[in-house]
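The block underneath contains the structure these notes are about, expressed in structure tokens.
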Amino acid sequence: MKLARRTPYHANYWLATSWLVLLLVVGLLAPWLLLPYPAATPDLLHMATPPSPLHYLGTDPLGRDVLAGLVAGAQRLVLLSLPAVGLATLVGAIAGSAAGFWGNKQLRLPLASAGWLLAAGWWLATLPARAAVVSILLVISILFSWLSSRQAVGSSRRTFPLPLDSLVLGATALLGAVPRLILLVALAAGPPLSFVQLLSLLALVAWPETARLVRAQMLRVRVQPFMEAARASGLPAWHIWLHHALPHACLPLFSFAPLTLAGLVGLENTLAFLGIGQAPDQVSWGSMLTTVRQDPNAWWVVAAPGLALLCTLLALQHLAQALNKRFNAG
Amino acid sequence: MGRWLLARLGRAALAAWGIASLVFLVSRLLPAGPEQLVLGEAGELAYPTTAAQRLASNQAIRQRLGLAEPVFYATRSPGPAGHWHWHGCHNQYHQWVSQLLRGNLGQSYASGQPVATLLGQALACSVPLAGSAAVLATALAVGLALYVARAPQGRLRALVQGSLAFLQVMPLFLLALALLLLLANPDVVNILPASRQGESASGLASLVYWAARATLPILSLVLSALPALTLPLAASLRHELGTAYATTARAKGLPIGRVLRQHLLPNALLPLFTTLTELLPTLVAGTVVVEVVFALPGSGRLLAEAAATHDYPVVVAGVLLIAGVRLLGLVLADILYFLVDPRLSPSA
């Protein structure tokens, strides 16, 4: 039974949602949309022409069809920015909540597992003499775990703490040392990035903020009475973390994920606007906007992608506000 | 305070060094290394050569760029069954760090000039730009927040808040582009100087010329930085307005403007300082976009062009510079904290 009546959604919310759904549909169905022109191929006979029956939204100074570019930009948003935000949210939620839940001293690994980890690392990095060293390490850790399992009755097992909190905070501090745009520009300064590389780069830049938010929330959740009850009922720690603490700590993400997406869409289009790390056949809203500097009078080149970008960002902001009211008000 | 500040600075400096090292190593370990990109550009205008000549010229270019040595202290030879090699101090990373400690940032791949010279020339344009934008944005933010906190519920306040929310999501490049196309367009409104005579002139003419040219970049930087400064300050002012001491001050008969300015603002300013830490690096990052759009010869444009032409020494130096600016912002914010609020003890 719901005690409080849910706040009704504002009309803005429905407008924002329908725009985002439209984008999603266009982005997913882009290959089957039967557009008159491909996005990346220039029409050299019609460069920088205003909207006409031939090109419905005109062409940019490079001769590319603006309508096709709009659809390509929507496709890029759905296939690139959306998965990047999903990845960043997943990584940030897991890292941040684990750091907040276990802190620096709570997560204790048995000492024998250090040997296993070291052996695995040695093997994977193919450090010198790997067969000999790995087998020695394995023998030591097997012996050690056998010994400690015999001693375990009554006495405490030997463990060492894993400083999860420091690790996660250190990683976020490292990635936060320069603004996100600069980090992205510096890491994308090589040859044109492939699709997967750009996606992982965007996720890399975006996850620290999510992790910080979830960690702060987890610090609040950790001291709630129901956590104590869960611990008192004898549940294992990872079970409490996954089933009891994580859902509460991830609650702010409902409103934060749209904002992350808005930030990433802005960043990705800025990168395309600056022309850094872009494959030449990739068309996005940012790369169309950049061509207007060659012909400042071609207003139609700015109007369509600029409006689309602005509408998307505003829609995401409104969505975030509405979700924030709904999930975090009470 | 000293030790606490030092620890904070040490952590931030460590992060700055770490991120610069990361960018350096990533740039050197790319599948197509930097010299390949330089070679590709050189190859376009090269005469036909034999394979041996090409190999020799590759080697010469690698020597010249300092890329002949291994990248890191220990490297793994290529191939699935590669072995690890220890190189001692003869590696690019060690060279880079030791040169950096002597103040040598290296040479640009593209122009061959020392990076420090290039950066110095560019900073002469960017520092006034970002600095004046920071001062203007802060002053405007305080004024706007005072207005939003005291203004009655009305259309004007809704307009101010709506435009702040609008500016918050507007990407800087779109904002700058819109300003450029609306206010520097001969067909609409043109506030830019028509002739480029002032560029080389000296004295007052040059000052007027650069001021006119810097108006739009500064305007776009200020507008983009404004929401992040104003909205938290307005929220914190509104929170302070509900406290008991604010009611007391009002009950004494003080006008609300004076209560806000003299009683509430000092307390409400504290969260602003945290934002100020990020303001300087954000503005410097903003110059990357703004200087490209408005064609100003500053450090942001240098960084953007270096990134587009794979000029890694300049890119790494730019990252170091911006991380340094963030250190400066941290120091400034901490000093301001202690000046404004003596209650803050380092142990807290």
Side-chain angles (χ1 to χ4, degrees), chain A residues 125-128 130 169-191 259 262-263 265-278 285-286 289-290 292-293 296-299 302 305-307 309-310 312-318 320-321, chain B residues 11-12 14-20 22-23 26-27 30-32 34 36-37 76 80-84 165-166 168-174 177-178 180-181 184-187 278 281-282 284-286 288-289 292-293 295 303-304 306-312 315-316 318-319 322-323 325-326:
Chain A
T126 59
L127 286 172
R130 74 173 175 180
L169 280 186
T172 57
L174 183 69
L175 293 174
V178 288
R180 297 196 297 177
L181 177 64
I182 301 295
L183 188 60
L184 210 54
V185 163
L187 290 180
L259 288 182
V265 169
L267 271 181
E268 197 254 314
N269 279 303
T270 306
L271 208 60
F273 179 79
L274 295 173
I276 295 165
Q278 302 288 314
W285 296 340
L289 283 169
T290 196
V292 79
R293 288 184 294 159
N297 291 321
W299 54 268
V302 186
L307 269 183
L309 181 58
L310 212 52
T312 310
L313 297 181
L314 280 176
L316 286 169
Q317 194 193 32
H318 276 290
Q321 276 172 1
Chain B
R11 272 198 296 269
L14 204 65
W17 168 73
I19 200 74
L22 185 75
V23 171
V26 165
S27 71
L30 278 178
Q36 298 294 333
L37 301 161
R76 200 180 142 194
H83 291 286
W84 285 86
F166 180 74
Q168 198 175 22
V169 290
M170 184 107 166
L172 179 56
F173 82 93
L174 204 55
L177 202 60
L180 178 77
L181 293 181
N185 196 336
D187 293 345
E278 292 303 317
T282 312
V284 176
V288 173
V289 173
V292 167
V293 172
L303 183 61
T309 54
H310 325 298
D311 195 351
Y312 287 111
V315 172
V316 174
V319 168
I322 289 165
V325 169
R326 187 165 167 275

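Reminder, nothing fancy here: chain letters follow the sequence lines and each chain counts from 1.
B/Q168 touches chain A through its side chain: at least one heavy atom from C-beta onward sits under 4.5 Å away, while N, CA, C and O do not. Contacts between B/I19 and chain A at a heavy-atom distance below 4.5 Å involve backbone atoms as well as side-chain atoms. Interface remark: B/A306 contributes no atoms to any contact with chain A (heavy atom separation under 4.5 Å). Proximity to chain A (any heavy atom under 4.5 Å) is shown, for B/A12, by neither the backbone nor the side chain. Residue A/V265 does not touch chain B at all, counting heavy-atom pairs closer than 4.5 Å. Interface remark: A/L316 contributes no atoms to any contact with chain B (heavy atom separation under 4.5 Å). The parts of A/L289 that come within reach of chain B are both its backbone and its side chain, each placing non-hydrogen atoms under 4.5 angstrom from that chain. Of the two parts of A/A186, the backbone and the side chain both hold a non-hydrogen atom closer than 4.5 Å to a non-hydrogen atom of chain B.
Across all their heavy atoms, A/L174 and B/A15 have their closest contact at CD1-O, 3.6 Å. Here the shortest heavy-atom pairing between A/P179 and B/I322 reads CD-CG2, 3.5 Å. Considering every non-hydrogen atom in both B/P171 and A/L309, the closest pair reads CG-CD2, 4.2 Å. Between B/V315 and A/A189 the shortest heavy-atom distance is CG2-CB, 4.3 Å. What you find for A/I276 and B/A307 is that their closest heavy atoms are CD1-CB, 3.8 Å.
Atom CZ in B/F173 sits 8.5 Å away from atom CG in A/L274 (nearest 0.5 Å). To the nearest 0.5 Å, atoms CG (A/L181) and CG (B/L303) are separated by 8.5 Å. Interatomic distance, CG of B/L177 versus CZ of A/R293, reported as 7.5 Å (0.5 Å rounding). A/L313 CG to B/M170 CE: the interatomic distance, rounded to the nearest 0.5 Å, is 9.5 Å.
Looking at residues two or more places apart in sequence or on another chain, you find a side chain to side chain contact (heavy atoms under 4.5 Å, CB included) between A/A298 and A/D295, A/W300, A/V301.
The candidate from A/V185, A/T270, A/T290, A/L267 with the greatest count of non-hydrogen atom pairs under 4.5 Å with chain B is A/T270. With respect to chain A, the highest number of heavy-atom pairs below 4.5 Å among B/V316, B/V325, B/V288, B/L174 belongs to B/L174. Ranked by heavy-atom pairs under 4.5 Å with chain A, the list B/A165, B/G18, B/G286 is led by B/A165. When each of B/L14, B/L181, B/V26 is checked for heavy-atom pairs under 4.5 Å with chain A, B/L181 comes out on top.
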task: Starting from the C-alpha separation in whole Å, work towards a yes-or-no answer on side chain to side chain contact (heavy atoms under 4.5 Å, CB included) for A/V178 and B/R326.
output: CA-CA 7 Å; A/V178 288; B/R326 187 165 167 275; over 6 Å; no
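Panel note: side chain A/Q317, backbone B/V169; no donor-acceptor pair is recorded below 3.5 Å.
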